[in-house]
K.L.:
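Got a structure for you, written out below as structure tokens; questions coming shortly.
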Amino acid sequence: MTKRRVLITGATGQVGAMLSERLSGDYEVVRHARRPDPEVVDLRLADLTDYAAVREVMEGVDTVVHMAGAASPESEWDAVRDANIIGFRNALEAAREAGVRRFVFASSNHVFGMYDRYEEWPVYARDLPRADSLYGVSKVFGEALGRFYHDEYGLDFIALRIGWVTEDPLEAEDEILHAMWLSPDDCEHAVRRAIQAKVGFGLYYVVSDNPNRRWDMTNTMLELGYRPKDSWTGRAEGPEDVVEGGADVRDTWPKDS
């Protein structure tokens, strides 16, 4: 039995680098980046706006874990357009043309960010997207395009609406960031389930087992088999300060988040 070949795009970014290291024991990991990194060998280089280069990166790949792109909710339009719209379409089309079987897409909590800004909880997977930024809009586009590629071409497409990935959830003061914290261990687990689960399409919110989360993960747990183990309260010195209905969110969310 040969290992499944998994391409991680954006493999020199924070989450992409973490996943590249953690998944390499069970999969044949192929790393992609836009530019060379002296600390990473065997990178497949491609700018996402260059279709021919992206197509070459996809050669021989079974599964794509797409982490590349503009990653900040404060990204300007040019960055969002090039990386998350044109570049994302290039990645999907190149994957289809190369015979990739499954595409795991790093979507974002920001596809639902206006629910958070206006404190309209709980949020369910079936709710309509309400992006809080151009970045969030680009992720809504990515989910819609992935749905089309699944329906039209049969490409497995799993979108993970990722929360806030960091080692220490207490490095930020916003209560909502604590609520949407996703630990590196739980992030790895979610991506592994997205690679392996026997579903052809799905949109899944992914955060850790935080007691104050407002986003339903029933389909994530039932369809992907995701079982988060970490909680931000496990890193805090005292008990959670429970606010009935959820703590207020600042009106400028997600600026400076």
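Because the structure is a prediction, the values reported are computed rather than measured. Throughout, numbering of the chain's residues begins at 1 and tracks the sequence.
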K.L.:
Closer than 4.0 angstrom, basic N to acidic O: yes or no for Arg44 and Glu59?
P.N.:
no
K.L.:
Which residues pass the salt bridge (Lys or Arg N to Asp or Glu O under 4.0 Å) test with Arg235, not counting sequence neighbours?
P.N.:
none
K.L.:
Using the rule given for side chain to side chain contact (heavy atoms under 4.5 Å, CB included), can you reason through Val123 versus Arg214, listing the C-alpha separation, both sets of side-chain angles and the distance that settles it, and then say yes or no?
P.N.:
CA-CA 6 Å; Val123 180; Arg214 291 89 142 143; 5.6 Å; no
K.L.:
Please check if any side-chain donor atom of Trp181 sits under 3.5 Å from a side-chain acceptor atom of Asp230, or the reverse.
P.N.:
no
K.L.:
Applying salt bridge (Lys or Arg N to Asp or Glu O under 4.0 Å), which residue pairs with at least one partner in residues 21-33 are found, sequence neighbours left out?
P.N.:
Arg5-Glu28, Arg22-Asp185, Arg22-Glu188, Asp26-Arg192
K.L.:
Could you check if a side-chain atom of Lys139 sits within less than 4.5 angstrom of a side-chain atom of Phe105, using non-hydrogen atoms only?
P.N.:
yes
K.L.:
Any non-hydrogen side-chain atom of Phe141 less than 4.5 Å from a side-chain atom of Asn84?
P.N.:
no
K.L.:
Do Phe103 and Leu92 come close enough that some side-chain heavy atom pair is under 4.5 Å?
P.N.:
yes
K.L.:
Check whether NZ of the Lys or CZ of the Arg Arg147 lies under 6.0 Å from the centre of the six-membered ring of Phe157 and within 45 degrees of that ring's axis.
P.N.:
no
K.L.:
Using ring pair (Phe, Tyr, Trp, His ring centres under 6.0 Å) as the criterion, list what pairs up with Tyr226, not counting sequence neighbours.
P.N.:
His189
K.L.:
Within this structure, what is the CD1-CZ distance for the pair Ile86 and Arg81, rounded to the nearest 0.5 Å?
P.N.:
5.5 Å
K.L.:
Within the 3.5 Å criterion, strictly below it, is a donor on Asp186 or Ser208 matched to an acceptor on the partner's side chain?
P.N.:
yes
K.L.:
Once the angle between the rings of Tyr153 and Tyr149 is folded into 0 to 90°, is it parallel (under 30°), tilted (30 to 60°) or perpendicular (over 60°)?
P.N.:
tilted
K.L.:
Roughly how far, to the nearest 0.5 Å, is the OH atom of Tyr27 from the CZ atom of Arg4?
P.N.:
6.0 Å
